[in-house]
Amino acid sequence: MSPTLLSSPLQGFTDFRFRNAFHKYFGGIDTFYAPYIRLDGKLVIKNSYQRDLQLENNNTLELIPQVMTNDAEEFLFVVKYIQELGYNELNWNLGCPYPMVTKKGMGSGLICEPTKIDHILNRVHNETDVIVSMKMRMGYEHPEEILDVFPILDNYPLKNIAIHARIGKQLYKGGVNLEAFQRCTENTKHKLYYNGDITSVAKYKEMQERFPSIDHFMIGRGLIADPFLPSMIKSNTTEYPKDRWKIFNEFHDTIYQEYDAALSGPTPIKMKMLGFWEYFSTSFSNPQKTFKKIKKAQSPKAYQEAVKEIFNGEK
C-alpha cells in the first residue's frame, strides 16, 4: 500500500512558489501544509500570508493552512479568514521549536499548558465548524509533556496529530526519540502522523517497520535536501531518474526566476537561494565544495555561473 506523504511547512522555504515548482518537477507529496500564519496580537493577515494562501496560487495541489497562536480570538479570526478563501481545515502549530516563538508561549512552548490548549479548542469547536488538525513536538523541556495533553485532545474531533519526534529544546539537534513516539501511539485515540528525520528511502522504511500502525509520514528538511525523495518513496525505489540533474536544474531555475521577480535587489535573492543551497548541497557529490561555490558568488551573474558549473559537474 502506498503511504500518504505530507510536506511539513518550513517558514521561509515552502511558500507557494516552492510548492508549485516542487509539485510540477518532482511530485510524490499528497498534501502540503502552508507555513504558519502568526498575528502577534493584531487581527490583521499580512500580505505575504494572503498571497501564500490565495487559491489561484495553489490550484494544482492540496494545501492546508496553518496557524501559530496561543490566543482563542486570534485562532477564530484565522478560521474566518481561511474559510472565506474556501479552506475547510486549519492546522494548529504546537511544534515550532524556535526560542523567539516558544518564549512567548507558542509553538512547542504551549504544550506544557493543557488548560490553555483546552480553552482554545473548546471555543473553536463550539463557535466554528472548521476541521482542526495539530502539528506538535512531544514537549518543549520533556517528551512526557504531550502525554498530559492527550486526555484533553481526546475530547475533540481532531482530524489528526502530526508529531515531530523531538522536544522543542532540541531544535533540530540530536536524534529523534522513537521510544517517546511509541508511547504517543499508545496513549491517544487520535490518528497520528510521523514526522522527523525522513531523509532517505531507507530511513522511511525504518520508520514504517518501527511503527506499522502509521500510514501518514511528514517530510520537512529532507524534502528540500533531496526533492526526489517523496516520489522515490512512493515508487519504492532508491534509483534516481536518468535525467536527475536536468530536472533538478530546471526546478532550481524556476524558483530562482520566481523569487528574483518577487524580491527587490541582489541581496535578498542571494540570501534566499543561499538558504535553499544549505539543503540542496547535501544532495551533491561534494556538499562542502558545492555550498562554498554558492557562498562565494557575489553577483547574480557569478551566482548563475556557479550554479551552471555545479550542475554540469554532476551531469
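Asn57 and Arg51 are not linked by any side-chain donor-acceptor pair at a separation below 3.5 angstrom, with hydrogens and angles left out of the test.
The main-chain N or O of Lys169 is never found under 3.5 Å from a side-chain atom of Glu141 such that the two would form a donor-acceptor pair. Using a distance-only test at 3.5 Å, with no hydrogens or angles considered, no donor-acceptor pair links the side chain of Glu74 to the main chain of Arg38. Side-chain atoms of Tyr87 come within 3.5 Å of backbone N or O of Leu53 as a donor-acceptor pair.
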**OP:** Please lay out, stage by stage, how Leu178 and Phe211 fare under the test side chain to side chain contact (heavy atoms under 4.5 Å, CB included).
**Re:** CA-CA 9 Å; Leu178 300 183; Phe211 305 111; 3.9 Å; yes
Subject >> Audit row: His190, Asp154, side chain to side chain contact (heavy atoms under 4.5 Å, CB included) steps and yes/no >> reply: CA-CA 7 Å; His190 284 302; Asp154 280 352; 3.4 Å; yes
Original post:
Do Met136 and Ile111 pass the side chain to side chain contact (heavy atoms under 4.5 Å, CB included) test, and can you show the C-alpha distance, the side-chain angles, and the key distance before you say yes or no?
Top reply: CA-CA 8 Å; Met136 302 180 74; Ile111 299 170; 4.2 Å; yes
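If you run salt bridge (Lys or Arg N to Asp or Glu O under 4.0 Å) between Asp197 and each of Arg221, Lys203, Lys173, only Arg221 comes through. Phe75 pairs in a side-chain contact (heavy atoms from CB on, under 4.5 Å) with only one of the listed residues (Thr128, Asn70, Ile120), which is Ile120. Each of Phe18, Phe276, Trp245, Tyr256 was compared with Phe251 under the ring-ring contact (aromatic ring centres under 6.0 Å, His included) criterion, and only Phe18 meets it.
Remark: Lys272 does not engage Asp260 in a salt bridge, criterion side-chain N to carboxylate O under 4.0 Å. Salt-bridge formation is detected for the pair Arg210/Glu179: a Lys NZ or Arg NE/NH1/NH2 atom is positioned less than 4.0 Å from an Asp or Glu carboxylate oxygen. Ion pairing between a basic and an acidic side chain is recognised when a charged N comes within 4.0 Å of a carboxylate O; Asp30 and Lys234 show such pairing. The pair Glu209-Lys205 does not count as a salt bridge, with every side-chain nitrogen at least 4.0 angstrom from each carboxylate oxygen. Using a 4.0 Å cut-off between a side-chain N of Lys or Arg and a carboxylate O of Asp or Glu, Lys46 and Asp52 do not qualify as a salt bridge. Between Arg183 and Glu144, at least one side-chain N (NZ, or NE/NH1/NH2) sits under 4.0 Å from a carboxylate O, which counts as a salt bridge.
Leu6 belongs to a hydrophobic cluster whose other members, connected by ILVMFWY side-chain contacts under 4.5 Å either directly or through intermediates, are Tyr33, Ile64, Tyr193, Met218.
Below 30°, between 30° and 60°, or above 60°: for Phe284 and Trp277 the angle between ring planes is between 30° and 60°, a tilted geometry.
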